[in-house]
Structures are given as structure tokens and as C-alpha cells.
Amino acid sequence: MFDIASIVVTFAIMLTLYRAIKGPTVYDRVLAANAIGTKAVVILVLIGFAYGRPHFLDLAVVYTLINFIATIAFLKYREMGRLD
Amino acid sequence: MDIKTIICGVFLGIGCFFVVVTAIGIVRFPDFFSRLHPAGKTDTVGQALIFIGLMVYEGFSLISVKLFIIMVLIFIASPTATHAVAQAAFLKGIIPWKKKEKK
């Protein structure tokens, strides 16, 4: 069950990667990267359940925060030209 | 088969459906501002359904509390990031897509 769900989410990641590579503007790529990050958290939790390792959940929490902060930091750099 | 496993399977199936619909929407929509719709809303619902299914499968323990924390974090962070992307793109002057008029 968990392995089938993780295969489906991997397929969705591959579809989103098309937009991240081809996207006409920078913001399309940022959006696709954010969506890929969310799906990566889901796949991390699913693999943790499939292998019976609940330690992966802590990594998922950290990855969620890093994904959000990376998106905001990139947008701020893009808008203001600096990060301070 | 256990009833918990069946409920978990149903939630996982609906969540995977939403996640795949998100990916198809990001690929197929014609414009940046219309691509924000699947990325902001459908993705959040899809991951929330998958995490609710895993919480039902696990029962009440430390693991399900961690799953709930991850779910709430993504529920707050993902629409906020989408809104930030939309505002940055709008301030940079990207023109929204319109349907072509027939001449």
C-alpha cells in the first residue's frame, strides 16, 4: 500500500519536473520547486512507513521548514537584489 | 483485513488522486497565474489526506503527533509560499493570460 502510494507520488514529481525545467519565467520554476518540495516530504514519510523507520519523520519536519524558507529567501533576493 | 487498513487505503487513494491532479494542472495550465491554483490548493489537500490516512493507520502515539505537526506546518507554509510567489510575480509585471478574441 505505502509502496504503491510512493510510486504514484514519484510519478507526480516527474510530471512537475517538466514544468521546473521548461517553465517560461523564473516564478514558474520557483512554484514547481515548491510543489516538488511538498511532494518530497510526503514521499519521505511514506518511505519511512514502508520500511518501518519512524526516524524519517524528524527529517520530514526539517525538510518542510527548509523548503518554505528557501522559497521565501529566493523571492526576497529576486525582488530586492540582496538578502540583508 | 483490518478496518484501519481499509480506511488508510481509502485516504491514501484519494490523496494520491489529488497529488496527481496537482501535477497535471501544473503541467497543463496555460499561464503562470492559473498555475498557482493547483500548486496552492490541491497540493495542500492532497498531502493532508495522505497524512490523515497515515495517522489513522498508526493510532494515537508520538508518531501520529509528529505527522499532525508536519501536516499543520505544510497547511500553513504552502499557501503562504504560493501567495508570496504570486505577489512577487505581480510586482515584477507579468501579464495575466487572457483568452484570444475572435476576429
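Residue numbers begin at 1 in each chain, while the letters A, B, ... track the order of the sequences.
Within the 4.5 angstrom heavy-atom criterion, no atom of B:Phe17 approaches chain A. Contact annotation for A:Leu75: only side-chain heavy atoms (C-beta onward) come within less than 4.5 Å of a heavy atom of chain B. Both the backbone and the side chain of B:Ala81 have a heavy atom closer than 4.5 Å to some heavy atom of chain A. With a 4.5 angstrom heavy-atom cutoff, A:Tyr27 touches chain B via backbone and side-chain atoms both. Interface residue B:Leu12: only side-chain heavy atoms are found under 4.5 Å from chain A. For B:Ile50, the part lying under 4.5 angstrom from a heavy atom of chain A is the side chain only. With a 4.5 angstrom heavy-atom cutoff, A:Val30 touches chain B only via side-chain atoms. Both the backbone and the side chain of A:Asp28 come within contact range of chain B, each with at least one heavy atom under 4.5 Å from a heavy atom of that chain.
For the options B:Ile63, B:Val20, B:Thr82, B:Val21, heavy-atom pairs under 4.5 Å to chain A are most numerous at B:Ile63. Note: A:Val61 leads A:Ile72, A:Val61, A:Thr71 in heavy-atom pairs under 4.5 Å with chain B. By number of non-hydrogen pairs under 4.5 angstrom with chain B, the leading residue of A:Asp58, A:Leu57, A:Val42 is A:Leu57. The candidate from B:Thr80, B:Leu91, B:Leu54, B:Thr5 with the greatest count of non-hydrogen atom pairs under 4.5 Å with chain A is B:Leu54. Contact tally against chain A (heavy-atom pairs below 4.5 Å) for B:Gln87, B:Arg35, B:Gln47: the top residue is B:Arg35. With chain B as the partner, the residue from A:Asn67, A:Val45, A:Val9 showing the most heavy-atom pairs under 4.5 Å is A:Val45.
B:Phe90 and B:Phe33 have perpendicular rings, their planes meeting at more than 60° on a 0 to 90° scale where under 30° would count as parallel. Relative orientation of the A:Phe2 and A:Phe49 rings is tilted, given thresholds of 30° and 60° on the angle between their planes.
By the criterion of side-chain heavy atoms lying less than 4.5 angstrom apart, applied directly or through intervening Ile, Leu, Val, Met, Phe, Trp or Tyr residues, B:Leu36 is not grouped with B:Phe18; the two fall into different hydrophobic clusters. Hydrophobic cluster membership differs between A:Leu46 and A:Ile4, with clusters built from Ile, Leu, Val, Met, Phe, Trp and Tyr side chains linked at under 4.5 angstrom.
Aromatic ring centroids of B:Phe75 and B:Phe68 lie 6.0 Å or more apart.
Counting heavy atoms from C-beta on, the side chains of A:Ile7 and A:Phe11 never come closer than 4.5 Å.
Between A:Lys39 and B:Asp43, at least one side-chain N (NZ, or NE/NH1/NH2) sits under 4.0 Å from a carboxylate O, which counts as a salt bridge.
Of all heavy-atom pairs between B:Phe32 and B:Ala89, the closest is CE2-CB, 3.3 Å. Contact between B:Gly15 and B:Leu49 at its shortest, heavy atoms only, is CA-CB, 3.9 Å.
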